[in-house]
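Worksheet for the structure shown next.
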2 protein chains.
Amino acid sequence: MPASDTERDSEYLGRLRDYFADARRIPSLQRIATLMGFASKTAARKLLGRLEQAGFIERTPDDDAWMPARRFFERSLAGTAVRAGAPDMIDGAGGEPFLVDDYLVRTPSRTVMVPVKGDSMIEAGIHDGDIVVVERSKAARSGDIVIAIVDNEFTLKELSMERGRFILKPHNKAYPVIRPKGELELFGVVTGLVRRYQG
Amino acid sequence: MPASDTERDSEYLGRLRDYFADARRIPSLQRIATLMGFASKTAARKLLGRLEQAGFIERTPDDDAWMPARRFFERSLAGTAVRAGAPDMIDGAGGEPFLVDDYLVRTPSRTVMVPVKGDSMIEAGIHDGDIVVVERSKAARSGDIVIAIVDNEFTLKELSMERGRFILKPHNKAYPVIRPKGELELFGVVTGLVRRYQG
DNA sequence: ATGGATGGTGTCCGTATGAACACCAATATA
DNA sequence: TATATTGGTGTTCATACGGACACCATCCAT
């Protein structure tokens, strides 16, 4: 049972994608019916059911509406002459564009971008000039990369444990481990990173 | 006339953004009212009006619903001058507006996102699992990080010169330099990088 | 041939939705 | 001090919305 990968349904899916590209939403059953040429809303409803089954759309967390799911954004492999050894690109010609912001930012209201200064984390692949995505007031665990406030200064380090105490480990042999005297004040946890090459 | 950048409204905007991150849509007036603690839908409607005025949201092309506009995805970039002893800044306001996708992708039509496999570039701070931003059909120069096609395989290396010929330099001592026999075929130039920490 | 899925039509119904309007209280502004 | 602006409440109303149900035609497997 191939679930719903009918010829027709992928045609419908295509039109849904087009609509979504413009309006950033799954339209109402009525509009879907019009879009697809259905005479009844029920047909639209059943189509959505099939697309859900196939993993293209899903309900919102509050179960109030439809939202696109993973597969909805997958680029169509068809049409592209895929050569051997080609990487599975995420965003190529055809499908929905890959939104970096969406990929990196989970809770916008608590997320801040912070430019990196210095090379104390260079061995962790975090360079001077990179911009890290920082989620504030997120519970930090040992091993996380965090922005801490030490002596009234912001510093980017790996949070670690040593004899039951938190320490801040740089990833650069030229820098010393920081062992805070009293309470360790954290600004936030690094959840992502972006880098731009050349000017 | 600062349009609508009230203190309160940016708080509301934050909650809207969080909701959108989860549900990928602007909720109904009713739900907005609940979310913000309004007793009436009208307040929600007026809030949307203000947010539209300020350029955070807009109507869908078919004028059927609200959709986020450009500014909706603005993240705040922490000031480069990190003032000592003032960790209370930032949050919603504070830094300058920063659009992640605009920062990384300059020519969307020629840009592709490619997941990185392997650690041949680890000493350049490019890790397994990172996603590189690749601009196709861009003139590559020595020193650029490129995706080349060697023996029908895609490979990520630094483009370099050696005795008048192009070579591909890995950034990992365990890997050998690649010296292509004939013509060197390039897929594109790496113009950016995206990394996400933890699951 | 026949019977069950399956994609689609048509209709009914309760309700959540957005628009419109009158009104109020706090805050600026003159 | 007087007054306009603004963020918010409360209510009414037409309607678009999704869910449910009965029904039909085609396709496919037995």
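Proteins come first, then strands; the chains are lettered A, B, ... in the order of their sequence lines, and each starts at number 1. Quantities reported herein were computed from a predicted structural model and do not represent experimental measurements.
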When you measure from the side chain of A:Q30, which nucleotide among D:dC17, D:dG8, C:dT9 comes out closest? D:dC17

Can you give the donor-acceptor pairs under 3.5 Å from side chains of residues 35-46 of chain A to other protein atoms, not counting sequence neighbours?
{"unit_1": "A:S40", "atom_1": "OG", "unit_2": "A:A43", "atom_2": "N", "d": "3.4"}

If I take atom CD in residue B:Q53 and atom C1' in nucleotide D:dT5, what distance separates them, rounded to the nearest angstrom? 15 Å

Does either side chain, that of A:S109 or that of B:D18, offer a donor lying less than 3.5 Å from an acceptor on the other one? yes

Tell me whether the centres of the aromatic rings in A:F73 and A:F98 are closer together than 6.0 Å. no

Rounding to 10°, can you tell me the angle the first-five-pair axis of the helix from C:dA1-D:dT30 to C:dA30-D:dT1 makes with its last-five-pair axis? 30°

Can you figure out which of C:dG8, C:dG10, D:dT9 approaches the side chain of B:S40 most closely? D:dT9

Has A:R141 got more than 12 heavy atoms of other residues, nucleotides or ligands less than 6.0 Å from its CZ? no

Without decimals, in angstroms, what is the distance between B:R25 CZ and D:dC17 P? 14 Å

What is the distance, rounded to the nearest whole Å, between atom CG of A:L47 and atom P of C:dT9? 11 Å

Of the candidates D:dG10, C:dG7, D:dC17, the side chain of B:A39 sits closest to D:dG10

May I ask you to decide if B:L99's main-chain N or O and B:R70's side chain share a donor-acceptor pair within less than 3.5 Å? no

Quickly work out the B:R8 CZ to D:dT6 C1' distance and round it to whole Å. 10 Å

Tell me: CZ of A:R31 to C1' of D:dA16, nearest whole Å? 11 Å

Report the distance from atom CG of A:D63 to atom P of D:dG18, rounded to the nearest whole Å. 13 Å

Strictly below 4.0 Å, N to O, side chains only: are B:D128 and B:K117 in salt-bridge contact? no

Identify the pairs formed between an N or O of the protein and an N or O of nucleotides 19-25 of chain D at a distance under 3.5 Å, and give each distance.
{"unit_1": "D:dG19", "atom_1": "OP2", "unit_2": "A:R45", "atom_2": "NH1", "d": "2.8"}
{"unit_1": "D:dA20", "atom_1": "N6", "unit_2": "A:T42", "atom_2": "OG1", "d": "3.2"}

What is the distance from CG of A:L51 to C1' of C:dG7, rounded to the nearest Å? 13 Å

In whole angstrom, give the distance that lies between atom CD1 of B:I26 and atom P of C:dT17. 15 Å

Within 45 degrees of the ring normal and closer than 6.0 Å to the centroid, is that where the cationic atom of A:R31 sits relative to A:Y19? no

For the residue pair B:R196 and A:Y103, would you count it as a cation-pi contact if the rule is NZ or CZ under 6.0 angstrom from the ring centre and within 45 degrees of the ring axis? yes

Between C:dG7 and A:R50, is there an OP1 or OP2 to side-chain N/O distance shorter than 4.0 Å? yes

Mark yes or no: A:R17 above the aromatic ring of A:F72, with NZ or CZ under 6.0 Å from the six-membered ring centre and no more than 45 degrees from the axis. yes

